[in-house]
Enquirer: 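The following block contains the structure, expressed as structure tokens.
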Amino acid sequence: MALNPHPNQNSKFALSSKYQGLEDNIWLSLSPSDSDNVVNLGQGFPDYNPAVEIVKNLAKACEPDASYLNHQYARAFGHVRLVKALAQLYGKLLNRVIEPMTEVLITGGAYGALFYSIMANVGEGDEVIVIEPAFDCYETMIKLAGGIPKFIPLLPSSDTSSNDNTSGSWTLDMEKLRNLFNRKTKAIILNSPNNPLGKVFTRQELLIIGNLCKEFNVLIISDEVYEWIVYDENEHIRIAGVEDFWDRTITIGSAGKSFSLTGWKLGWAYAPAHLMFNLRIAHQNCTYLCQTPEQEALAITIEEQIERLGTPESYFYKMVQELTRKRGMMIKSLQEVGVTPVIPQGGYFVMANWRGLENKIDLSKETDKDEDFKFVRWLCREKKLLGIPPSAFYSEGHKQLAKNFIRFNFYKKDETLVEADKILSTFK
């Protein structure tokens, strides 16, 4: 959906050329209002409140007898207590010392960290490798920076005898990946666990990617916003902690995804100081700083969670237990009506092949170009169930890979998932 359906006829006031071609946005066109009476399994947020202790920490930061500094400008590069907490957390996970004042940056959501990582490092004509499916902002940010995105898709296994129906069966053609690297390649963007697929990259896959980046002297931008949400026997491996890849890696995290606080819009990046310098310059010339009370509350929360890591008392442990059960509910609902899910190894989305419903629907009047968009529009209008068309996560040349799929978010109240099940059961 274009933001401005009535472009200004005065060319002097037209949209700047650097933004032209970036007008459409999937999240604006498929965001139902509260009055639409739609069961929303589309955008990536839960429909219930976060953990009580997190909310209480925000209330504590805003109490009348709390420090007046909680209501004033924060340090530009991040509230001191928060960057120290994050440095301690990731230092423990990576088994290295992370300098909070020079190697951690607090941003306006992970979106802000991605923006700075790309804008501060990518210039005119630089090539950036993007592994698909990929969050749609990667491509737009690369183009805005003057860069050239080079796409390579994860592909499902061609082994028909395999019983692996998980997102782990989707892999890269490593020879094709190698062929994308050249002297113009500035960076690669890695997203693990992947949105929308839920693939968790293995250590071997990360080694191949990291060694290619070393060979061609390429920056790694690692989007790890779903780092805590990993299922079964899978393990989230931070590429910054593999071999000596730290020196060329910017890692991005999110309070919204880690603690179910998407409305707080707080994210962060950590990286060696020589890389963080670039992000800090972009940040100080853009938003400059982030809101103080939420940073204080988040710092308290992270301090509490560091002590609980790896125990059943950890917020992250409890979240995965809860989401494992909800994932099971979603998968069962889909399978019972002939929709085949790709069982996610991580994250809280499931991609599912809807072609099993093809003889029960009529898409002939749908006007969208892509098949998955047609199905999503039909399902929302006729059945009042909203998902996301995964072709939005692919470049033009690879959109056909998503035509048979729809993405659902299962991080919802049980009641919402039951309502979705009732809708899906009408296809039986």
Enquirer: What heavy-atom pair brings K257 and S254 nearest, and what distance separates the two atoms?
Expert: N-OG, 3.0 Å

Enquirer: Do R178 and L212 come close enough that some side-chain heavy atom pair is under 4.5 Å?
Expert: yes

Enquirer: Under the criterion side-chain contact (heavy atoms from CB on, under 4.5 Å), which of N194, L197, T166, D232 is the partner of Q345?
Expert: T166

Enquirer: Where do P341 and L334 come nearest, in terms of heavy atoms and distance?
Expert: CB-CD1, 4.1 Å

Enquirer: Does S192 use its side chain to pair, donor to acceptor, with the backbone of F201 at less than 3.5 Å?
Expert: yes

Enquirer: The test is side chain to side chain donor-acceptor pair (under 3.5 Å); show your working for N353 and T340 and say whether it passes.
Expert: CA-CA 5 Å; N353 189 321; T340 306; 6.0 Å; no

Enquirer: Apply side-chain contact (heavy atoms from CB on, under 4.5 Å) to N121 and list each qualifying residue two or more places apart in sequence or on a separate chain.
Expert: L219, I250, N278, L279

Enquirer: Give the table of side-chain donor-acceptor pairs shorter than 3.5 Å for residues 203-210, with sequence neighbours excluded, one pair per line with atom names and distance.
Expert:
unit_1: E205; atom_1: OE1; unit_2: K199; atom_2: NZ; d: 3.3
unit_1: E205; atom_1: OE1; unit_2: T202; atom_2: N; d: 2.8
unit_1: E205; atom_1: OE1; unit_2: T202; atom_2: OG1; d: 3.3
unit_1: E205; atom_1: OE2; unit_2: K199; atom_2: NZ; d: 3.0

Enquirer: Looking at Y48, I want to see if its OH is surrounded by more than 12 non-hydrogen atoms of other residues, nucleotides or ligands under 6.0 Å.
Expert: yes

Enquirer: Using modelled atom types only, decide if a donor and an acceptor are shared between the side chain of T324 and the backbone of V320 within a distance under 3.5 Å.
Expert: yes

Enquirer: Mind running salt bridge (Lys or Arg N to Asp or Glu O under 4.0 Å) on E53 and K56 for me, showing each step along the way?
Expert: CA-CA 5 Å; E53 58 265 33; K56 284 184 176 179; over 6 Å; no

Enquirer: Can the ring centroids of F316 and F259 be said to lie less than 6.0 angstrom from one another?
Expert: yes

Enquirer: Return yes if some donor-acceptor pair links the side-chain N/O of D126 with the main-chain N/O of G147 below 3.5 Å, else return no.
Expert: no

Enquirer: Do any N or O atoms from the side chain of N182 and from the backbone of L180 form a donor-acceptor pair under 3.5 angstrom?
Expert: yes

Enquirer: Measure the CD-SG distance between Q295 and C290 for me, rounded to the nearest 0.5 Å.
Expert: 5.5 Å

Enquirer: Identify the heavy atoms of S333 and V337 that sit nearest to each other, and give their distance.
Expert: O-CG2, 3.7 Å

Enquirer: Pair up each side-chain donor or acceptor in residues 111-120 with any protein partner under 3.5 Å, not counting sequence neighbours, and list the distances.
Expert:
unit_1: Y116; atom_1: OH; unit_2: H283; atom_2: ND1; d: 3.1
unit_1: Y116; atom_1: OH; unit_2: T287; atom_2: OG1; d: 2.6
unit_1: S117; atom_1: OG; unit_2: A113; atom_2: O; d: 2.7

Enquirer: Taking everything shown except K383 itself, do over 12 heavy atoms lie less than 6.0 Å from its NZ?
Expert: yes

Enquirer: Pairs under 3.5 angstrom only: tabulate donor-acceptor contacts from the side chains of residues 239-247 to other protein residues two or more places apart or in another chain.
Expert:
unit_1: D244; atom_1: OD1; unit_2: K214; atom_2: NZ; d: 3.3
unit_1: D244; atom_1: OD2; unit_2: K214; atom_2: NZ; d: 3.2

Enquirer: Going by salt bridge (Lys or Arg N to Asp or Glu O under 4.0 Å), name the pairs with one or both residues in residues 385-412, residues two or more places apart or in two chains.
Expert: K369-E396

Enquirer: Less than 4.0 Å between a side-chain N and a carboxylate O, is that true for K332 and E336?
Expert: yes

Enquirer: Decide yes or no on side chain to side chain donor-acceptor pair (under 3.5 Å) for E132 and S395, but give the supporting numbers first.
Expert: CA-CA 8 Å; E132 295 178 306; S395 58; 2.9 Å; yes

Enquirer: Check whether NZ of the Lys or CZ of the Arg R327 lies under 6.0 Å from the centre of the six-membered ring of Y231 and within 45 degrees of that ring's axis.
Expert: yes

Enquirer: Quick one: pull up CH2 in W228 and CG in L309 and give me the separation to the nearest 0.5 Å.
Expert: 5.0 Å

Enquirer: Is there side-chain contact between D164 and S157, with at least one heavy-atom pair below 4.5 Å?
Expert: no

Enquirer: With a sphere of 6.0 Å drawn around CG of N163, does it hold more than 12 non-hydrogen atoms of other residues, nucleotides or ligands?
Expert: no

Enquirer: So which heavy atom on G253 is nearest to which on E227, and how close?
Expert: CA-OE2, 4.4 Å

Enquirer: Would D414 and R325 satisfy salt bridge (Lys or Arg N to Asp or Glu O under 4.0 Å), going step by step from the backbone distance to the final call?
Expert: CA-CA 10 Å; D414 285 3; R325 182 179 58 79; 2.8 Å; yes

Enquirer: Tell me every residue that passes salt bridge (charged side-chain N to carboxylate O under 4.0 Å, His left out) with K365, counting only those two or more places apart in sequence or in another chain.
Expert: none

Enquirer: For residues S222 and E224, is any side-chain donor paired with an opposing acceptor at under 3.5 Å?
Expert: yes

Enquirer: Heavy-atom count around K318 NZ within 6.0 Å, excluding the residue itself: above 12?
Expert: yes

Enquirer: Quick one: closest heavy-atom pair of L323 and I229, and the distance?
Expert: CD1-CG2, 3.8 Å

Enquirer: How long is the straight-line distance from OG1 of T416 back to CG of D421, given to the nearest 0.5 Å?
Expert: 12.5 Å

Enquirer: Suppose we screen for side-chain contact (heavy atoms from CB on, under 4.5 Å). Which residues come up paired with V418, at least two apart in sequence or across chains?
Expert: M329, K422

Enquirer: Answer yes or no: is there a side-chain heavy-atom contact under 4.5 Å between K326 and Y348?
Expert: no

Enquirer: Please list, chain by chain and in numerical order, all residues satisfying ring-ring contact (aromatic ring centres under 6.0 Å, His included) with F181, sequence neighbours excluded.
Expert: F216

Enquirer: For R381, check salt bridge (charged side-chain N to carboxylate O under 4.0 Å, His left out) against everything at least two apart and list the hits.
Expert: E366

Enquirer: Tell me every residue that passes salt bridge (charged side-chain N to carboxylate O under 4.0 Å, His left out) with E294, counting only those two or more places apart in sequence or in another chain.
Expert: none

Enquirer: Less than 4.5 Å apart, side chain to side chain, heavy atoms only: is that true for F405 and P196?
Expert: no

Enquirer: Run the side-chain donor-acceptor check on residues 384-393: report pairs under 3.5 Å with partners two or more places apart or on a different chain.
Expert:
unit_1: S391; atom_1: OG; unit_2: D372; atom_2: OD1; d: 2.9
unit_1: S391; atom_1: OG; unit_2: D372; atom_2: OD2; d: 2.8

Enquirer: Please verify the inter-ring angle class for F375 with W378; under 30° counts as parallel, over 60° as perpendicular, anything in between as tilted.
Expert: parallel

Enquirer: Should W354 and V376 count as side-chain neighbours, where that means a heavy-atom distance under 4.5 Å?
Expert: no

Enquirer: Any chance you could measure W268, atom CH2, to I252, atom CD1, to the nearest 0.5 Å?
Expert: 11.5 Å

Enquirer: Are the side chains of L298 and H79 in touch, meaning some heavy atoms are under 4.5 Å apart?
Expert: no

Enquirer: Using a 4.5 Å cut-off on heavy atoms from C-beta on, say whether the side chain of V128 contacts that of P149.
Expert: no

Enquirer: Under 3.5 Å, side chain of N191 to main-chain N/O of N195, donor-acceptor pair present?
Expert: yes

Enquirer: Is R355 salt-bridged to E371, going by a charged N under 4.0 Å from an acidic O?
Expert: yes

Enquirer: Between V104 and Y90, is there a side-chain heavy-atom distance shorter than 4.5 Å?
Expert: no

Enquirer: Just verifying a value: how many Å separate I106 CD1 and F77 CZ, rounded to the nearest 0.5 Å?
Expert: 12.0 Å

Enquirer: Apply side-chain contact (heavy atoms from CB on, under 4.5 Å) to Y19 and list each qualifying residue two or more places apart in sequence or on a separate chain.
Expert: L15, S16, L22, L144

Enquirer: What's the shortest heavy-atom distance between W264 and Q291, and which atoms?
Expert: O-NE2, 2.7 Å

Enquirer: Measure the OG-CD1 distance between S258 and I302 for me, rounded to the nearest 0.5 Å.
Expert: 7.5 Å

